[in-house]
Amino acid sequence: MKTPAARPAVKVGLSQAGAVATALLLATLVWLPLLHLLFRPQLDQFYAERGLPSKARAIAAHQLALCSNTAARAGEIATMRRSNAEWDFMGRTYLVLALANMGLRQPEDKKAYLLIMDQLIEETIRLEQSHGVYYFLMDYAKAGIFRAQPQRSLFQDGEIAVMLAARRLLEEKPSYQPLLTRRVATLVAQMRQSPVLCGESYPDECWMFCNVLALDALRMADALDGTDHAPLLRDWVALARRKLVDPTTGLLVASFTFEGQPTQGPEGSSIWMVAHGLQIVDPAFAADQYQRSKRDLARRVLGFGYAREWPVSWRGQPDVDSGPVIPLLDISAGSSGLALVGASAFRDRDYLSALLTSLTYGGFPILRHGQLRYAAGNQVGDAVLLYAMVLGPLWAEVEKRGARQP
Amino acid sequence: MNICASPFRNLSPARGLLLRAALLAVFFGLCEAAGLRDYTAFLSGTQPGAHLPAVTAVLGVIYLVAYFGATLLSPILLLAAGFLGLGRFLRHRFRMQRSRP
């Protein structure tokens with residue numbers, strides 16, 4: 001039983017606790033909606049129709065410094081390969097694509113970019129030739145047998161072809177012409193063996209991401225060498241619309257078997273890049289896929305933009321592509337990173353700005369000596385960001401060179 | 001001496017909140033100065049340096065706690081301290097007005 005003297009003290013204590021709780025609640029309600037204002041960057045630092053935005057220049061400075069420092073690059077690659085050998089490969093592809101766009105934006109720096117592009121392309125081809133088809137694949141690739149013959153991964157052939165073509169679009173290099181022609185022939189041969197005109201990235205595993213990049217390679221080769229893959233591209237789009245679209249969302253599925261049986265539904269870590277890749281294959285289909293992705297995957301909370309890995313109607317398992325998925329909101333690092341590519345490609349400035357706010361808050365940027373990197377990511381993550389900031393001119397160059405529409 | 005006694009016990013609630021906000025900011029500053037930001041790479045499944053994955057993750061989590069403490073919690077504590085101070089000021093003024101003849 002409390003003494004009479006204790007009662008006022010308890011009452012005062014309770015009233016103080018109530019006041020503190022109310023103040024904390026009010027403060028939370030005030031602060032949370034304001035937080036994004038501290039991290040919202042100026043869009044023109046990241047995105048520009050012409051020239052190089054300042055942040056792109058800083059990320060490029062870090063990427064180019066890595067390329068010229070053998071020990072640092074080896075360390076970065078080893079770090080990524082410990083988690084996923086694909087990242088080593090895709091880091092090269094995205095950097096080459098970014099440099100091609102940068103060279104088209106800043107012709108005065110083209111020479112320096114071409115040197116790095118050649119270094120990356122030649123090293124990649126050398127590694128593929130000396131270590132074989134599995135070098136840039138995850139280990140489980142060795143457990144199965146590719147259905148199409150000869151045993152090749154469309155993931156590697158497609159991205160190497162895209163790199164070769166990007167380099168030649170920036171400036172012709174005659175020795176790369178036969179290399180591209182051979183890769184393109186391989187891509188076509190692999191794709192034609194499948195009932196859905198799609199090549200395998202892993203044994204009996206076709207990925208939409210890889211197939212769309214392969215289509216881009218065909219389209220770029222047409223622009224460069226006057227070949228005509230338009231009928232194949234047209235047939236591919238027609239088949240994909242019929243057989244590879246998720247019936248609920250209308251989004252292209254992420255992966256499927258050699259026969260065209262979906263194994264995963266739509267995924268954010270795939271569809272944003274797929275929509276961008278389709279821009280030079282079938283612009284209307286590309287815009288449709290972007291709009292659907294935006295509707296089903298793009299989200300915004302308290303001024304921060306992000307992307308879900310899966311639409312509400314389908315749920316997969318987090319993997320190396322999705323990155324960690326934050327429960328409840330279903331925030332996916334992989335999908336959000338590639339959503340920057342989609343938003344930039346479709347000039348969706350509003351969503352891009354919201355995504356960049358999240359990047360600035362949760363990507364943990366480190367700016368040292370004019371070089372920018374994001375600590376929460378790695379080299380491939382930074383290369384994707386750089387590509388998102390500079391993309392555009394390369395696809396415009398493909399269109400300009402008079403390649404035919406399917 | 002009671003070593004478990006709260007160091008905030010003798011402070012007013014507003015000052016207690018201010019002190020907590022300051023401690024969170026200092027903790028974050030120390031983590032930043034120690035270079036722990038690099039260890040947030042664990043979020044993407046990569047490990048900087050030659051540390052074991054578990055060490056990288058622990059250092060990364062420590063940084064995240066400090067970062068969100070400083071960017072989320074610390075401003076909320078500051079604002080709450082401001083609201084408490086404002087409430088006290090308004091109560092005091094109200095009492096003064098009521099006690100005037």
Side-chain angles (χ1 to χ4, degrees), chain A residues 12-13 15-32 34-36 38-39 75-84 87-88 91 302 318-324 326 331 333-334 337 361-368 373-382 384, chain B residues 8-9 11-21 24 28 31-32 34-53 56-57 59-61 63-64 66-91:
Chain A
V12 168
S15 133
Q16 262 189 4
V20 170
T22 308
L24 283 170
L25 181 67
L26 266 177
T28 305
L29 292 174
V30 169
W31 181 243
L32 290 185
L34 293 177
L35 177 64
H36 75 281
L38 280 188
F39 296 93
E76 186 74 30
I77 287 176
T79 298
M80 289 195 296
R81 290 188 67 88
R82 270 200 295 271
S83 302
N84 184 356
W87 289 346
D88 171 15
L302 299 168
D319 57 17
V320 285
D321 296 328
S322 68
I326 298 173
I331 300 173
Y361 184 47
F364 303 109
I366 295 179
L367 180 64
R368 278 186 203 135
R373 67 188 178 87
Y374 287 84
N378 48 31
Q379 186 270 330
V380 66
D382 288 341
V384 170
Chain B
F8 308 105
R9 201 174 49 177
L11 296 173
S12 71
R15 286 191 177 167
L17 294 176
L18 281 176
L19 185 59
R20 286 175 173 88
L24 285 170
F28 172 63
C31 290
E32 193 70 58
L36 296 195
R37 178 172 278 234
D38 274 319
Y39 294 91
T40 56
F42 87 96
L43 290 169
S44 59
T46 38
Q47 317 158 27
H51 297 294
L52 291 170
T56 303
L59 293 173
V61 167
Y63 182 83
L64 289 184
Y67 181 76
F68 290 115
T71 58
L72 281 175
L73 206 51
S74 188
I76 288 173
L77 295 174
L78 276 176
L79 280 171
F83 288 140
L84 282 176
L86 184 68
R88 201 171 153 187
F89 171 75
L90 291 175
R91 257 199 322 274

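Below, read A as the first sequence line, B as the second, and so on, with proteins coming before strands; counting in each chain starts at 1. Bear in mind the structure is a predicted one, so any value in this text is a computation, not a measurement.
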Donor-acceptor pairs under 3.5 Å, side chain of residues 79-90 of chain B to any protein atom, not counting sequence neighbours: which ones?
none

If one checks every heavy atom of Ala376(A) against chain B at 4.5 Å, the contacting part turns out to be both
When rounded to the nearest 0.5 angstrom, what is the spacing between OH in Tyr361(A) and CG in Leu72(B)? 3.5 Å
Thr28(A) OG1 to Leu77(B) CG distance, which is reported to the nearest 0.5 Å: 8.5 Å
Among Asn84(A), Asn378(A), Val380(A), which residue satisfies the side chain to side chain contact (heavy atoms under 4.5 Å, CB included) criterion with Ser44(B)? Asn378(A)
Nearest non-hydrogen partners of Ala375(A) and Arg37(B), listed with the distance: CB-O, 3.4 Å
How far does OG1 of Thr71(B) sit from CH2 of Trp31(A), to the nearest 0.5 angstrom? 8.0 Å
To the nearest 0.5 Å, what is the distance between CD1 (Ile326(A)) and CG (Leu43(B))? 8.0 Å
By a 4.5 Å heavy-atom criterion (distance strictly below it), what part of Leu35(A) contacts chain B: side chain, backbone, both, or neither? side chain
Can you list the residues that meet the side-chain hydrogen bond (donor to acceptor under 3.5 Å, both in side chains) rule with Asp88(A), with sequence neighbours excluded? Arg81(A), Arg92(A)
Which atoms of Leu32(A) approach chain B - backbone, side chain, both or neither, heavy atom under 4.5 Å: side chain
